[in-house]
K.L.:
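Following this message is one structure expressed as structure tokens.
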Amino acid sequence: VQLQASGGGLVQAGDSLRLLCTASGETRSISAMGWFRQAPGKEREFVAYVYMGLGSTSYADSVKGRFTLSKGDGRDTIYLQMDSLKPDDTADYYCAADDSRTRNSGNWIDSRGYDYWGQGTLVTVSS
């Protein structure tokens with residue numbers, strides 16, 4: 001499975017951005033997809049995930065109410081709508097996918113719960 005993330009950019013505080021992550025390859029085996037972010041000098045942190053079967057989602061407290069994660073009709077596309085952006089949201093954003101055929105931590109809030117990662121897309125929010 002290969003992941004391609006896009007949609008990052010430079011915006012002002014209060015603006016919105018929409019990130020897209022597209023998966024290719026053996027996408028039928030994807031059970032969940034998520035977004036993580038990493039700011040300069042900080043560890044990678046969980047943002048949100050979606051369970052591809054039911055479409056159920058979970059969010060980090062820091063983005064709850066401002067970010068909305070949705071999926072396409074299949075198991076190969078997710079969107080992260082980011083509203084009311086703050087300078088603290090500045091980071092490289094990474095999408096990830098969990099392969100149901102592998103055994104990992106199984107915790108989708110943890111980066112160890114994912115098997116595949118896309119390249120980062122940079123989001124910069126100016127004050």
K.L.:
Any chance CZ of Arg101 has more than 12 other-residue heavy atoms, nucleotides or ligands included, within less than 6.0 Å?
P.N.:
yes
K.L.:
Shortest non-hydrogen contact from Ala23 to Leu3?
P.N.:
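Shortest heavy-atom contact: CB-CD2, 3.5 Å.
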K.L.:
Quick one: CZ on Arg44 to OG on Ser111, what's the gap to the nearest 0.5 Å?
P.N.:
7.0 Å
K.L.:
Looking at Ser29 and Glu26, would you say the former's side chain and the latter's main chain have a donor-acceptor pair under 3.5 Å?
P.N.:
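Yes; at least one donor-acceptor contact below 3.5 Å.
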K.L.:
Checking side chain to side chain contact (heavy atoms under 4.5 Å, CB included) for the pair Thr57/Tyr49: CA distance, chi angles, key distance, verdict?
P.N.:
CA-CA 6 Å; Thr57 55; Tyr49 75 73; over 6 Å; no
K.L.:
Connecting only ILVMFWY residues whose side-chain heavy atoms lie within less than 4.5 Å of each other, what is the rest of Leu20's hydrophobic cluster?
P.N.:
Tyr79
K.L.:
Are Phe36 and Phe46, when compared by the centres of their aromatic rings, separated by less than 6.0 Å?
P.N.:
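Under 6.0 Å, so yes.
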K.L.:
Just grab all the disulfide bond (SG atoms under 2.5 Å apart) pairs involving residues 31-86, residues at least two apart or on different chains.
P.N.:
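Listed once each, the pairs would be none.
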K.L.:
Just verifying a value: how many Å separate Trp35 CH2 and Glu45 CD, rounded to the nearest 0.5 Å?
P.N.:
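The CH2 atom of Trp35 sits 14.5 Å away from the CD atom of Glu45.
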K.L.:
How close do Pro87 and Ala13 get, heavy atom to heavy atom, and via which atoms?
P.N.:
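Answer, listing the atom of Pro87 first, then Ala13: CD-CB, 4.1 Å.
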K.L.:
Would you mind listing every salt bridge (Lys or Arg N to Asp or Glu O under 4.0 Å) that reaches into residues 85-96, with sequence neighbours excluded?
P.N.:
Arg37-Asp89, Arg66-Asp89
K.L.:
Asp15 versus Val125: any side-chain heavy-atom pair under 4.5 Å?
P.N.:
no
K.L.:
Any disulfide bond (SG atoms under 2.5 Å apart) involving residues 52-102? Give me the pairs, sequence neighbours left out, ordered by first then second residue.
P.N.:
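Sorted result for residues 52-102: Cys21-Cys95.
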K.L.:
May I have the step-by-step check of side chain to side chain contact (heavy atoms under 4.5 Å, CB included) for Phe67 and Leu85, ending in yes or no?
P.N.:
CA-CA 9 Å; Phe67 290 11; Leu85 282 162; 3.9 Å; yes
K.L.:
Hey, can you pull the donor-acceptor pairs under 3.5 Å for the side chains in residues 113-122, sequence neighbours left out?
P.N.:
residue: Tyr114; atom: OH; partner: Trp108; partner atom: O; Å: 2.6
residue: Asp115; atom: OD1; partner: Thr102; partner atom: OG1; Å: 2.9
residue: Asp115; atom: OD1; partner: Asn104; partner atom: ND2; Å: 3.3
residue: Asp115; atom: OD2; partner: Asp99; partner atom: N; Å: 2.7
residue: Asp115; atom: OD2; partner: Thr102; partner atom: OG1; Å: 2.8
residue: Asp115; atom: OD2; partner: Asn104; partner atom: ND2; Å: 3.2
residue: Tyr116; atom: OH; partner: Asp99; partner atom: OD2; Å: 2.7
residue: Gln119; atom: NE2; partner: Ala5; partner atom: O; Å: 2.7
residue: Thr121; atom: OG1; partner: Gly8; partner atom: N; Å: 3.0

K.L.:
Does Leu54 belong to the same Ile/Leu/Val/Met/Phe/Trp/Tyr cluster as Tyr59, with side-chain heavy atoms less than 4.5 Å apart forming each link?
P.N.:
no
K.L.:
Write down the atom of Ser16, the atom of Gln81, and the distance for their closest heavy-atom approach.
P.N.:
CB-NE2, 3.9 Å
K.L.:
Using side-chain heavy atoms (C-beta onward) and a distance below 4.5 Å, is Tyr94 in contact with Val47?
P.N.:
no
K.L.:
Which donor-acceptor pairs under 3.5 Å do the side chains of residues 68-78 make with protein atoms, sequence neighbours left out?
P.N.:
residue: Lys71; atom: NZ; partner: Gly74; partner atom: O; Å: 3.3
residue: Arg75; atom: NH1; partner: Ile30; partner atom: O; Å: 2.7

K.L.:
Please tell me if the side chains of Met33 and Met52 come closer than 4.5 Å, counting only heavy atoms from C-beta onward.
P.N.:
yes
K.L.:
Taking atom CZ of Arg112 and atom CG of Asn107, what is their separation to the nearest 0.5 Å?
P.N.:
8.0 Å
K.L.:
Do Tyr51 and Val1 belong to the same hydrophobic cluster, where Ile, Leu, Val, Met, Phe, Trp and Tyr are linked whenever their side-chain heavy atoms lie under 4.5 Å apart, directly or via other members?
P.N.:
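Not linked; separate clusters.
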